[in-house]
Amino acid sequence: FVSVSCCPSKMACQGLQKGETLASLKKESESLKKKLEEERGKLNDVELHQVAEKVEAVAALSLKTRRVLKGHGNKVLCMDWCKDKRRLVSSSQDGKVIVWDAFTLNKEHGVTLPCTWVMACAYAPSGCAVACGGLDNKCSVVPLSLDRNENLAAKKKSVAMHTNYLSGCSFTNSDMQLLTSSGDGTCALWDVESGQLLQSFHGHTADVLSLDLAPSETGNTFVSGGSDMKANVWDMRSGQNIQSFESHESDINCVKYYPSGDAFASASDDATCRFYDLRADREVAVYQKDSIIFGASTVDFSLSGRLLFAGYNDYTINVWDVLKGTRVSILFGHENRISRVRVSPDGAALCSASWDSSLRIWA
Amino acid sequence: MCSGSNSIIQAQKLVDQLQIEAGMERFKISLTAADLVQYCQEHRRSDPLLTGISASSNPFKDKKTCVLL
């Protein structure tokens, strides 16, 4: 949380007390909130699925499990694809981080972290390192060695330091900067080489559970979601919270940008996934069914943005037609909660990670 | 009066934040949704999970293997 000094200078204190009282400030924020609602309401001239009426329906998908990656001894909490479209990194509750070749099922590297619950892991854009962290409140970068016998844990370097668990991490467009989200309610941008904090992002009023960087063409923003039920969009350079969305009824577990960068999706404990249009500044779709009563933990888009893959606590993955708002498929196979779904960089496959200790590749 | 000025600072921050958000330029959904639909349509042919691609071009789908006798 923001640490506001309890006693600013006496003059500032008096200045604040002179001009604005707490009551008038509260009144102003209420009227601003109302104005925001009105402005957003004016733009709601049509629903997304209405605009998509003429679009042809999605043909039946024939997605099957093509690989099962076994090797973790405990819940798999996170995974990320390498840009080479075949390797991936996964992390689990027992502290293990494994790099796999998903084509051959070969385990190429393994690191054991001293902490349990490695909730976040990410592949570096170069493919030469991975970042990971969790209950240790840190995000560490581990260079991947070509020498199988080398002890990777010895080369591990602590980069990010939070005051609560690490919930998410992502390299920016190079290996040099790392963006993190934490249970301490903040996100932060770090220089990997020096470990220096470059920018911190304050605004969430509870644990931040997820973050996603805007596609590079869209510029320097990212979106975060948290236990305060809010999704916030941030300017990476200034640290400013530029947009905020509050329509979920429970924790937001995951946020992911639509491939064009003009929208993003979220997954929540309220059993819905939602779609937010950034230029209209409002929610434009809710993906839900009466029969879906368990929380959604993770979402990702297919390459064109037409399909939304969402993993749930009822062990299934629902595939949604983003434009029409309907469910097009259900993927069964995992034997416990889904913790993460990610489409491969070339869009050829979906990887899912689960509390059942395995990862599956679907295509 | 420390806790008093604390909540005033927080309240001022909230007002500043809301003013930034209120000042944002927004567009009608009829316009923005059309762009979202257009993006999907333009990229649908290069979306393997949507269109399905043959086993020969998808490395995860097993091909029938040749056996040299």
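Letters A, B, ... mirror the listed sequences (proteins, then strands); counts begin at 1.
Comparing A:Asp346, A:Val284, A:Leu48, A:Leu323 by how many heavy-atom pairs each has under 4.5 Å with chain B, the most go to A:Leu323. Your options are B:Leu14, B:Ile53, B:Thr51, B:Leu50, and the one with the most heavy-atom pairs under 4.5 Å with chain A is B:Leu50. Most heavy-atom pairs under 4.5 Å with chain B: of the set A:Gln243, A:Glu39, A:Gln50, this distinction falls to A:Gln243. Counting heavy-atom pairs under 4.5 Å between each of B:Ala34, B:Gly52, B:Ala22, B:Cys40 and chain A puts B:Cys40 at the top. Comparing A:Asp45, A:Leu278, A:Leu36 by how many heavy-atom pairs each has under 4.5 Å with chain B, the most go to A:Asp45. Chain B forms more heavy-atom pairs under 4.5 Å with one residue of A:Arg279, A:Lys33, A:Glu56 than with any other, namely A:Arg279.
B:Asn6 and B:Gln10 are not linked by any side-chain donor-acceptor pair at a separation below 3.5 angstrom, with hydrogens and angles left out of the test.
For A:Tyr258, the part lying under 4.5 angstrom from a heavy atom of chain B is the side chain only. For A:Asn241, the parts lying under 4.5 angstrom from a heavy atom of chain B are both the backbone and the side chain. If you measure heavy-atom distances from A:Val319 to chain B, you find no contacts under 4.5 Å at all. Using a 4.5 Å cut-off between heavy atoms, B:Leu49 contacts chain A through both its backbone and its side chain. At a 4.5 Å heavy-atom cutoff, A:Phe301 makes no contact with chain B through either its backbone or its side chain. With a threshold of 4.5 angstrom between heavy atoms, A:Ser344 does not approach chain B through any atom at all. Contact of B:Ser46 with chain A is made through the backbone alone, with heavy-atom distances under 4.5 Å. For A:Arg67, the part sitting under 4.5 Å from any heavy atom of chain B is the side chain, from C-beta outward, and nothing else. Only the backbone of B:Glu25 comes within contact range of chain A, with heavy atoms under 4.5 Å apart.
Using modelled atom types, no side-chain atom of A:Asp228 and backbone atom of A:His204 make a donor-acceptor pair closer than 3.5 Å. Without hydrogens or angle criteria, A:Lys324 side chain to A:Val55 main chain gives a donor-acceptor distance under 3.5 Å. Judged by distance alone, the side chain of A:Tyr287 and the main-chain N or O of A:Val322 form a donor-acceptor pair under 3.5 Å. A donor-acceptor pair under 3.5 Å is formed between the side chain of B:Asn58 and the backbone N or O of A:Ala348. Between the side chain of A:Ser302 and the backbone N or O of A:Leu307, at least one donor-acceptor pair lies under 3.5 Å.
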_Go through it in stages, so that I can follow the logic: the residues are A:Gln240 and B:Gln17, the test is side-chain contact (heavy atoms from CB on, under 4.5 Å), and I'd like the CA-CA distance, side-chain angles, deciding distance and then a yes or no._
CA-CA 9 Å; A:Gln240 183 68 50; B:Gln17 178 61 36; 3.1 Å; yes
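Annotation: salt bridge (charged side-chain N to carboxylate O under 4.0 Å, His left out) contacts of B:Arg26 (sequence neighbours excluded): A:Asp281.
Between A:Ile317 and A:Trp362, some side-chain heavy-atom pair lies under the 4.5 Å cut-off. Looking at A:Lys54 and B:Val37, their side chains never come closer than 4.5 Å, going by heavy atoms from C-beta outward.
Shown here for A:Arg282 and B:Ile29, the closest heavy-atom pair between the two residues is CD-CD1, 3.5 Å.
At a heavy-atom cut-off of under 4.5 Å, chain B is reached by A:Leu61, A:Leu63, A:Arg66 from residues 59-66 of chain A, listed in order of number.
Below 30°, between 30° and 60°, or above 60°: for A:Trp81 and B:Phe60 the angle between ring planes is above 60°, a perpendicular geometry.
A salt bridge links A:Arg306 with A:Asp321: the closest approach of a Lys/Arg side-chain nitrogen to an acidic carboxylate oxygen falls below 4.0 angstrom.
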